[in-house]
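Here is the structure we will look at, set down as structure tokens.
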Amino acid sequence: MTHHDLALIGFGGVNRALAEIIRDRGETLADDLGFTLRVVAITDLRLGSLMQSEGIDLHAALAMTGADTFAGLPGGDAEPRNHHVIRNTTADVISEATFTNPIDGEPAISHVRAALESGKSVTTTNKGPVALAGAALNRLAEENGASFEYEGSVMSGTPVLRLAGETLKGLRITRIQGILNGTSNFVLGQMEAGKSLDDAVAEAQALGYAEADPTADIEGSDVQLKVVILANELLDAELTTADVPRTGISGITATDVIAAAAAGEHWKLIGTVERDESGAVTASVQPLSLSADHPLAGISGATNAVAFTTDLLGTVTISGPGAGRIETAYALLSDIIAIDAHQQSFAGALR
Ligand SMILES: NC(=O)c1ccc[n+]([C@@H]2O[C@H](COP(=O)([O-])OP(=O)(O)OC[C@H]3O[C@@H](n4cnc5c(N)ncnc54)[C@H](O)[C@@H]3O)[C@@H](O)[C@H]2O)c1
Ligand SMILES: N[C@@H](CCO)C(=O)O
């Protein structure tokens, strides 16, 4: 049986949920997947760093709160020595789940770069590195014989990137339109039910859907990053966030939402990518009031959905969780499964 050792960079909702999955289901997963998993390093802004090559006791690590630090534990330090840990850990896979920075992607881009330069594979749910430096990081991974996987950067654990990238091959995709932010969709639904925007955002934060700064969810910059990822990953575009005009939902009032519902419509924050006849790709983010018969109108709560307009199949729609700790940790697990498969096929080719 093969084995993967993980370093978790950022120990918040998502990486903690991955640690819980490994703690609670590690043995079943080994039977199902043919490899075992162990966490050998953790860093976090609040807790500091911990490196234990024989495996960290996940029960103890998960019991730690923001008031604790790793200082005093063997291999522990009160400082989050991210670069030292990434370069020196015995882990073969780095799981990057620090805050998404929609402006310049840092420090996550540097974390991913350091990992790939050390020949370690990376799984991340952080949208910054993928949207703002995806092409360069993919090249770096290839140069270093490592994998860079980021299924959770769009639609959390719902496998939209692998589905479209692998199983829609051979189709010409002319349009991608989706509800790509769980928090804003949840908030609009709560407003329809009579809650204020602020109360609904607080609820989304408590449920683990929102960004550290929920402005990114409400003002559309989270969707802007996801639209760039979809365009570049699936339509071979080279968009930057500056190419994607965005309007968020803060201008939509409870009155607007309730009046639309009474008329059989629903406000949704919609990301759109289009490819014209000449091959030029454009994208946008804006709130739209959708009539009840629109395929995205019935998508509620933190669920996301993406509709692909294709030449041979017509419209193909995928929907599923778009946010949530466990749902997003599943994306990390699915990336680790992909990393293992790459390593097995590389080893097979050498035999
Ligand atoms: N929660 C979701 O539903 C979801 C879904 C998809 C993608 N994501 C993305 O996954 C990432 C993690 O999300 P989360 O919900 O776990 O966030 P979170 O805020 O719960 O956790 C982030 C953790 O990273 C730590 N951190 C931040 N900067 C750091 C640094 N420089 N060094 C070390 N630690 C640092 C913080 O202390 C915190 O514990 C984010 O980039 C988010 O955008 C989240
Ligand atoms: N804050 C994001 C997390 C998923 O990227 C959302 O609500 O969709």
Side-chain angles (χ1 to χ4, degrees), residues 7-20 41-50 61 64-66 69-70 77 79-86 94-102 105-112 114 123-131 150-158 160-161 178-188 200-201 203-227 229 248-249 269 271 299 301-305 320-332 335:
L8 309 183
I9 309 303
F11 200 49
V14 173
N15 260 342
R16 276 180 184 259
L18 178 64
E20 285 166 18
I42 300 174
T43 69
D44 189 84
L45 214 49
R46 300 176 182 111
L47 295 167
S49 333
L50 184 61
M64 294 181 74
T65 67
T69 82
F70 293 129
D77 195 299
E79 295 302 314
R81 302 176 66 204
N82 296 320
H83 282 268
H84 173 79
V85 169
I86 290 168
I94 306 294
S95 176
E96 216 291 349
T98 64
F99 305 140
T100 288
N101 174 344
E106 291 292 359
I109 291 178
S110 300
H111 296 159
V112 175
T123 168
T124 189
T125 54
N126 192 320
K127 291 141 273 189
V130 193
Y150 37 81
E151 183 61 63
S153 62
V154 182
M155 279 182 83
S156 117
T158 307
V160 66
L161 295 179
I179 293 173
L180 296 165
N181 182 270
T183 300
S184 56
N185 204 49
F186 174 84
V187 164
L188 287 168
V201 169
E203 208 176 325
Q205 287 176 304
L207 289 165
Y209 304 153
E211 295 302 298
D213 176 359
T215 314
D217 299 295
I218 299 306
E219 297 299 355
S221 59
D222 181 73
V223 179
Q224 194 180 38
L225 294 174
K226 290 166 176 167
V227 154
I229 295 170
I249 63 165
L269 183 58
I299 303 297
T303 302
N304 283 184
R325 298 166 58 250
I326 292 284
E327 294 85 343
T328 310
Y330 174 71
L332 295 173
D335 284 348

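Atoms within a ligand are numbered from 1 in the order they appear, just like the ligands themselves. When reading the values below, keep in mind they use all heavy atoms of this one structure, side chains included, and skip hydrogens, waters and symmetry mates. What you see is a predicted model; the values in this text were computed from it and never measured.
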Less than 4.5 Å apart, any side-chain heavy atom of His111 and any of Glu106?
-> no
Can you tell me if Asn126 and Thr124 form a side-chain donor-acceptor pair at under 3.5 Å?
-> no
Would you find a donor on one side and an acceptor on the other, under 3.5 Å apart, between the side chain of Ser49 and the backbone of Glu79?
-> yes
Does some side-chain heavy atom of Glu211 sit less than 4.5 Å from a side-chain heavy atom of Thr100?
-> yes
Derivation and outcome, side chain to side chain contact (heavy atoms under 4.5 Å, CB included), residues Asp217 and Tyr209 | CA-CA 9 Å; Asp217 299 295; Tyr209 304 153; over 6 Å; no
Sequence neighbours left out, what passes side chain to side chain contact (heavy atoms under 4.5 Å, CB included) with Ser156? Give chain and number order.
-> Pro321, Glu327, Thr328
In chain-and-number order, ligand 1 lies under 4.0 Å from a heavy atom of each of Gly10, Phe11, Gly12, Gly13, Val14, Asp44, Leu45, Arg46, Asn82, Ala97, Thr98, Phe99, Thr100, Pro107, Thr125, Asn126, Lys127, Gly152, Gly208, Glu211, Ala323, Gly324, Thr328
I'd like the atom pairs linking ligand 2 to the protein - N or O on both sides, separation under 3.5 Å - with distances to 0.1 Å.
from     : atom 1 : to     : atom 2 : distance (Å)
ligand 2 : 1 (N)  : Tyr209 : O      : 2.7
ligand 2 : 1 (N)  : Glu211 : OE2    : 2.7
ligand 2 : 1 (N)  : Asp217 : OD1    : 2.7
ligand 2 : 5 (O)  : Lys127 : NZ     : 2.8
ligand 2 : 5 (O)  : Lys226 : NZ     : 2.8
ligand 2 : 7 (O)  : Gly182 : N      : 3.4
ligand 2 : 7 (O)  : Thr183 : N      : 2.8
ligand 2 : 7 (O)  : Thr183 : OG1    : 2.6
ligand 2 : 7 (O)  : Tyr209 : O      : 3.1
ligand 2 : 7 (O)  : Asp217 : OD1    : 3.4
ligand 2 : 8 (O)  : Asn181 : ND2    : 3.4
ligand 2 : 8 (O)  : Gly182 : N      : 2.7
ligand 2 : 8 (O)  : Lys226 : NZ     : 3.3

Answer yes or no: is there a donor N or O on one side and an acceptor on the other, between the side chain of Glu151 and the main chain of Val160, under 3.5 Å?
-> yes
Rounded to the nearest 0.5 angstrom, the CG-OG1 distance for Leu188 and Thr183 is 11.0 Å
Return the set of residues passing side chain to side chain contact (heavy atoms under 4.5 Å, CB included) with Asn304 (not counting sequence neighbours), or none when no residue passes.
-> Met155, Ile179
